[in-house]
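To find a chain, count down the sequence lines: A is the first, B the second, and so on, and within it residues start at 1.
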Amino acid sequence: MTTPTTTTDNLFDVLERRGMVAQSTDDKIRERLSKPVTAYIGFDPTADALHVGSLVQMMLLAHVQRCGHKPVVLVGGATGLVGDPSGKTEARRMLTPETINHNARSIAEQIGLVVRFGDGPTDAVLVNNLDWFGSMGWIEMLREVGAKMSVNRMMSMESVKGRMSGDSDAASGISYLEFSYMLMQGYDFAHLYKHHGCTLQMGGQDQWGNIVVGIDLGRRLHNADLAGLTTPLVTKSDGGKFGKSEQGNVWLDKDRTSVFDFYQFWRNVSDADVGRFLGTFTFLPMDEVDELAGAEGKAINESKVRLAYEVTKLIHGESAADEARDSAERAFVSSSSSSSADFTGEAIPHDTLDAAELEAGVGLLALLVRAGLAKSNSEARRLVQGGGVRIHDAKVDDPMRTVNADDVADGYILVRAGKKRMFRFNVG
RNA sequence: GGGUGGUUGCCGGAGUGGCCAAACGGGGCAGACUGUAAAUCUGCUGGCUUAUGCCUACGUUGGUUCGAAUCCAACACUGCCCA
């Protein structure tokens with residue numbers, strides 16, 4: 001990793017400078033953070049992998065650690081069994097405890113990429129709220145928590161209001177189960193305060209309401225003085241959804257999103273987003289970030305390369321990042337002088353193609369589907385007819401074409417869909 | 001429990017017996033232009049080895065009809081109002 005922020009830096013200043021603060025509970029938060037605190041963020045175990053959307057929270061935890069505080073990773077095993085109403089228009093599908101356990105482990109592993117776990121004073125610890133909710137009975141819950149919560153208060157929260165209001169837009173009702181979600185999440189904070197000395201909860205802007213409930217509950221139950229801090233929702237300047245690429249979600253796991261695609265995701269961000277993303281998703285010093293973000297015109301591409309490289313390095317390691325960068329370089333920058341292009345890197349999605357099979361000839365459409373560049377033959381056909389497919393550098397426009405040994409060059413066949421997507425078949 | 005709406009493709013949303021694989025918008029993909037950007041313009045956007053063809057699809061099941069997303073019945077789910 002790059003030079004760590006020195007532990008004397010105030011976490012709040014660091015985060016604010018990096019554009020990672022949307023809202024915080026009080027202006028005394030700097031003061032609070034002048035002494036080491038324990039801070040937590042909750043993660044939903046709804047999938048066994050995290051995508052780039054969660055990267056913000058991961059970075060947040062990393063900064064917590066770097067500034068000398070103790071990060072706590074809360075996996076919502078119990079809350080995951082309930083479903084978060086925030087920002088969803090419909091109830092989340094429920095999961096089995098086994099699945100959640102499995103997911104929790106995978107998630108912690110990925111958070112471990114940027115945060116150090118262990119027993120030291122600033123080492124991160126992992127907790128699962130199923131550990132305290134699992135054994136808690138209905139009566140206890142009502143007396144402990146229910147008695148302290150105002151329904152009026154909960155009803156006035158944005159996430160609930162949207163689901164309740166009659167005539168208007170996305171009213172789809174809210175079940176009691178979901179309604180209780182914020183209660184559980186609020187209780188988490190109180191519990192973590194009591195058992196881990198946790199006084200700060202962080203999260204995305206959409207979690208603000210839940211965080212505030214937790215602060216309230218902490219005060220009522222334990223007379224605790226708690227604080228909250230949220231990060232801005234990561235948006236793209238063009239209004240699109242952050243974290244989606246041509247292939248769907250961008251995952252941190254290389255088996256779900258290849259290193260090459262991961263790199264490309266960052267390489268392809270809009271000009272206007274470069275600075276913000278550098279601040280949020282890398283540990284580069286802000287002076288350098290500002291300089292990179294200030295690049296004008298074509299020069300901004302260098303900054304994008306840097307962004308893509310740094311983030312890829314963080315998640316997939318240096319050698320993978322080097323390779324992704326080099327592959328991309330060769331694939332895009334020097335594509336005019338095609339003969340020199342080299343697409344053999346591991347980073348580019350690839351598979352092997354049987355030589356014997358090739359001898360018989362493989363349908364182009366089938367090959368596109370096999371490469372995952374099209375979901376069906378029809379889609380592949382449209383792609384070809386639309387002029388979006390190339391084999392190596394030659395455009396092919398006949399959907400009926402078959403691919404055979406003549407198409408092999410340097411031991412592989414490179415199929416490209418559009419400018420940016422490609423798939424290599426190694427022949428062997 | 002009573003009343004009353006709704007359920008259409010990835011999403012939103014038209015369509016109230018044939019001209020419906022289903023308007024329009026969004027999103028997505030591709031092409032042109034570019035800087036692997038944005039904006040703009042153009043094409044495509046259920047599946048089938050491409051077909052004046054077939055299949056699957058308008059909540060589910062059954063019915064009426066030469067013909068149903070459209071009509072009828074039951075069921076399911078869901079919104080709202082009243083208790």
Side-chain angles (χ1 to χ4, degrees), chain A residues 88-91 93 162-175 178 235-250 260-278 292-293 295-309 312 324-336 341 343 347-348 360-390 393 395-403 415-423:
Chain A
K88 306 288 184 303
T89 43
E90 58 187 68
R93 124 192 106 89
R163 301 277 296 269
M164 303 275 297
S165 63
D167 33 83
S168 69
D169 42 40
S172 56
I174 182 168
S175 67
E178 288 179 89
T235 55
K236 296 203 300 176
S237 57
D238 62 8
K241 228 179 240 155
F242 172 76
K244 298 277 184 185
S245 75
E246 292 83 353
Q247 328 274 323
N249 270 332
V250 177
F260 182 76
D261 288 334
F262 184 84
Y263 178 92
Q264 283 300 309
F265 169 75
W266 297 102
R267 176 61 250 268
N268 286 319
V269 302
S270 301
D271 291 6
D273 295 329
V274 175
R276 212 153 35 91
F277 288 2
L278 277 166
L292 286 167
E296 308 235 341
K298 285 172 77 165
I300 193 96
N301 279 323
E302 287 313 307
S303 304
K304 293 184 190 179
V305 168
R306 190 66 193 281
L307 170 68
Y309 179 77
T312 306
R325 184 187 53 195
D326 295 347
S327 296
E329 184 89 5
R330 289 191 297 261
F332 296 108
V333 178
S334 57
S335 64
S336 46
F343 300 96
I348 294 176
V362 183
L364 174 62
L365 301 183
L367 205 61
L368 283 163
V369 172
R370 201 156 135 186
L373 296 172
K375 283 198 278 298
S376 66
N377 283 6
S378 297
E379 188 177 313
R381 176 175 291 113
R382 278 183 231 116
L383 196 60
V384 173
Q385 286 170 341
V389 174
R390 281 172 295 163
D393 263 323
K395 180 175 276 190
V396 287
D397 51 13
D398 175 15
M400 294 285 81
R401 187 184 192 282
T402 55
V403 175
V415 187
R416 311 182 64 159
K419 270 188 284 239
K420 296 175 191 169
R421 295 186 298 150
M422 60 181 73
F423 194 95

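Within the structure, every side-chain polar atom (N or O) of Arg382(A) is placed at least 4.0 Å from both OP1 and OP2 of C48(B). Of the side-chain N and O atoms in Arg421(A), one or more sit less than 4.0 angstrom from OP1 or OP2 of A30(B). Within the structure, every side-chain polar atom (N or O) of Asn268(A) is placed at least 4.0 Å from both OP1 and OP2 of A37(B). Contact check, Lys419(A) against C33(B): no side-chain N or O comes under 4.0 Å of OP1 or OP2.
Asp398(A) places its CG atom 12 Å from the C1' atom of U49(B), with the value rounded to the nearest Å.
Within 4.0 Å (heavy atoms only), Ala272(A) reaches no atom of the nucleic acid at all. Within the 4.0 angstrom heavy-atom criterion, base atoms lie near Gln264(A). Here Ile300(A) lies in heavy-atom contact (under 4.0 Å) with a base. Gly418(A) comes within 4.0 angstrom of the backbone, heavy atoms only, and of no base. Within 4.0 Å (heavy atoms only), Asp271(A) reaches at least one base atom of the nucleic acid.
Among the nucleotides G35(B), C48(B), U36(B), the one closest to any side-chain atom of Ser378(A) is C48(B). When the nucleotides G47(B), G35(B), C48(B) are ranked by their closest atom to the side chain of Lys298(A), G35(B) comes out on top.
Position along RNA chain B of the nearest nucleotide to Arg325(A) versus Ser376(A) favours Arg325(A) as the more 5'-ward residue.
Across all strands shown, C75(B) pairs with G59(B); the Watson-Crick or G-U wobble distances both stay below 3.5 Å.
Evaluated for a side chain to side chain contact (heavy atoms under 4.5 Å, CB included) with Arg416(A), the options Asp393(A), Val389(A), Leu373(A), Val396(A) yield exactly one hit, Asp393(A).
Between the side chain of Ser270(A) and the backbone N or O of Asp273(A), no donor-acceptor pair lies under 3.5 Å.
Atom C1' of U78(B) sits at a distance of 26 Å from the matching atom of G46(B), rounded to the whole Å. Between G9(B) and G2(B), the distance separating the two P atoms is 30 Å to the nearest Å.
Across Lys420(A) and Phe260(A), no two heavy atoms sit closer than the pair O-CE2, 4.4 Å.
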